[in-house]
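Report on one structure; see the data block that follows.
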Amino acid sequence: MYSAKVMDHFANPRNVGELPDANGIGEVGNQKCGDIMKIYLKIENDTVVDVKFMTFGCGAAIATSSMATEMIKGKPLSEALKLTNSAVMEALDGLPPVKVHCSVLAEQAIKAAISDYYTRQGIDPLPIVGPLTEDCHDCQCH
Ligand code: FES
C-alpha cells in the first residue's frame, strides 16, 4: 500500500521535535480525523535555516511532514511557500488516495508557520501567504 520512501520516512522521520528558538510556528488540525501537525521554523535572512515538526497523526502524516521539512530546509521563504502537497507526494513516490489529505496537512502547517513569522515581523501575511485552510474537507480516512 505504501511506497518504500513513505515507509522509510515513517520509520525514520527526519526533523522531529521542537525548536526552542523558532520564530515561526504553525499548527493545523484535521477536524475529521483529529490529527494535529505543528511546524517550527527558524528563519534568518528570508531563509529557512532550521525546521522541526511534531505530528499526532497517522503514518502518512508523519512521512509527509518528514519529507516536507527536508524539502524546505535551507530554502528561501519564497521557495518554501511554493511547496505543494503534490510535490511532497511525488517525492514520496505517491500516497494511497485516502491518504492524500495527510500531505495537505503538511503544506498547510508550513504556510501557517510562515504566516506566523510574517505576523511577528509586523508584516501582513495575507498578501504573501494567502488564506489558510485549517482543516481538510476531503478526509476519507475515518
Ligand atoms: Fe488524518 Fe492522516 S492526517 S488520517
Side-chain angles (χ1 to χ4, degrees), residues 1-96 98-139 141-142:
M1 175 171 168
Y2 289 116
S3 72
K5 279 193 192 161
V6 173
M7 292 311 290
D8 174 35
H9 278 265
F10 169 57
N12 308 293
R14 283 52 148 192
N15 310 310
V16 173
E18 296 177 49
L19 267 185
D21 55 350
N23 53 3
I25 299 175
E27 183 173 327
V28 291
N30 184 311
Q31 285 175 355
K32 288 194 183 161
C33 66
D35 289 349
I36 295 170
M37 186 173 301
K38 201 164 178 178
I39 299 257
Y40 299 84
L41 298 177
K42 189 176 172 194
I43 296 163
E44 276 170 16
N45 300 323
D46 280 334
T47 300
V48 179
V49 292
D50 207 357
V51 50
K52 293 253 190 265
F53 80 92
M54 301 275 278
T55 291
F56 300 94
C58 70
I62 292 169
T64 47
S65 314
S66 168
M67 180 55 95
T69 53
E70 284 287 273
M71 289 169 82
I72 62 164
K73 207 184 211 174
K75 296 279 163 60
L77 276 183
S78 53
E79 258 184 66
L81 269 175
K82 282 191 214 133
L83 183 79
T84 60
N85 64 309
S86 20
V88 177
M89 282 197 298
E90 213 171 285
L92 285 169
D93 292 336
L95 277 175
V98 293
K99 289 289 171 188
V100 168
H101 81 280
C102 312
S103 61
V104 178
L105 212 53
E107 180 196 309
Q108 291 302 328
I110 288 170
K111 288 212 167 96
I114 295 175
S115 282
D116 179 51
Y117 167 75
Y118 281 122
T119 304
R120 291 184 198 209
Q121 306 297 311
I123 300 166
D124 179 9
L126 196 61
I128 308 166
V129 183
L132 301 172
T133 3
E134 295 243 323
D135 61 333
C136 168
H137 303 289
D138 303 316
C139 182
C141 294
H142 299 276

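Given the structure is predicted, the values throughout are model-derived calculations rather than measurements.
With sequence neighbours left out, the side-chain contact (heavy atoms from CB on, under 4.5 Å) criterion links S3 to K5, V6, D93. When the side-chain hydrogen bond (donor to acceptor under 3.5 Å, both in side chains) test is applied to S65, the partners found at least two apart in sequence or on another chain are T55. Remark: R14 engages D8, H9, N12, S66, E70 in a side-chain contact (heavy atoms from CB on, under 4.5 Å) (not counting sequence neighbours). Partners of T69 by side-chain hydrogen bond (donor to acceptor under 3.5 Å, both in side chains), not counting sequence neighbours, listed by chain and number: N15. For K73, there are no salt bridge (charged side-chain N to carboxylate O under 4.0 Å, His left out) partners, not counting sequence neighbours. Applying the side-chain contact (heavy atoms from CB on, under 4.5 Å) criterion to Q121, with sequence neighbours excluded, gives Y117, I123.
Taking CE of M37 as the reference point, atom OG1 of T64 lies at 5.0 Å (rounded to 0.5 Å). Note that CZ of F53 is 6.5 Å distant from CD1 of I62, once rounded to the nearest 0.5 Å. Going from atom CG of L126 over to atom OG of S115 covers 8.0 Å, rounded to the nearest 0.5 Å. Separating the CD1 atom in I39 from the CD atom in Q108 is a distance of 11.0 Å, to the nearest 0.5 Å.
Contact record, K52 with V16: CD-O, 3.6 Å, taken as the closest heavy-atom pair. The two residues M89 and S103 make their nearest non-hydrogen contact at CG-OG, 3.6 Å. What you find for K99 and A60 is that their closest heavy atoms are CD-CB, 3.7 Å. Of all heavy-atom pairs between A112 and E27, the closest is CB-N, 4.3 Å. Considering every non-hydrogen atom in both L105 and G29, the closest pair reads CD1-C, 4.1 Å. Between I25 and K38, the shortest heavy-atom contact is CG2-CE, 3.8 Å.
Environment of OH in Y118: crowded, with over 12 heavy atoms of neighbouring residues, nucleotides or ligands closer than 6.0 Å.
The salt bridge (Lys or Arg N to Asp or Glu O under 4.0 Å) pairs that include a residue from residues 101-114 are E107-K111, where partners are two or more places apart or lie in different chains.
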Name the atoms and distances for all side-chain donor-acceptor pairs under 3.5 Å in residues 40-50, with sequence neighbours left out.
| unit_1 | atom_1 | unit_2 | atom_2 | d |
| --- | --- | --- | --- | --- |
| Y40 | OH | E18 | OE1 | 3.4 |
| K42 | NZ | D21 | OD2 | 3.2 |
| T47 | OG1 | N45 | O | 3.3 |

Under 3.5 Å, which donor-acceptor pairs link side chains of residues 75-87 to any protein atom two or more places apart or in another chain?
| unit_1 | atom_1 | unit_2 | atom_2 | d |
| --- | --- | --- | --- | --- |
| K75 | NZ | M71 | O | 3.3 |
| T84 | OG1 | S86 | OG | 3.4 |
| T84 | OG1 | A87 | N | 3.1 |

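For the pair D35/C102, no side-chain contact is recorded, criterion being any heavy-atom separation below 4.5 Å from C-beta on.
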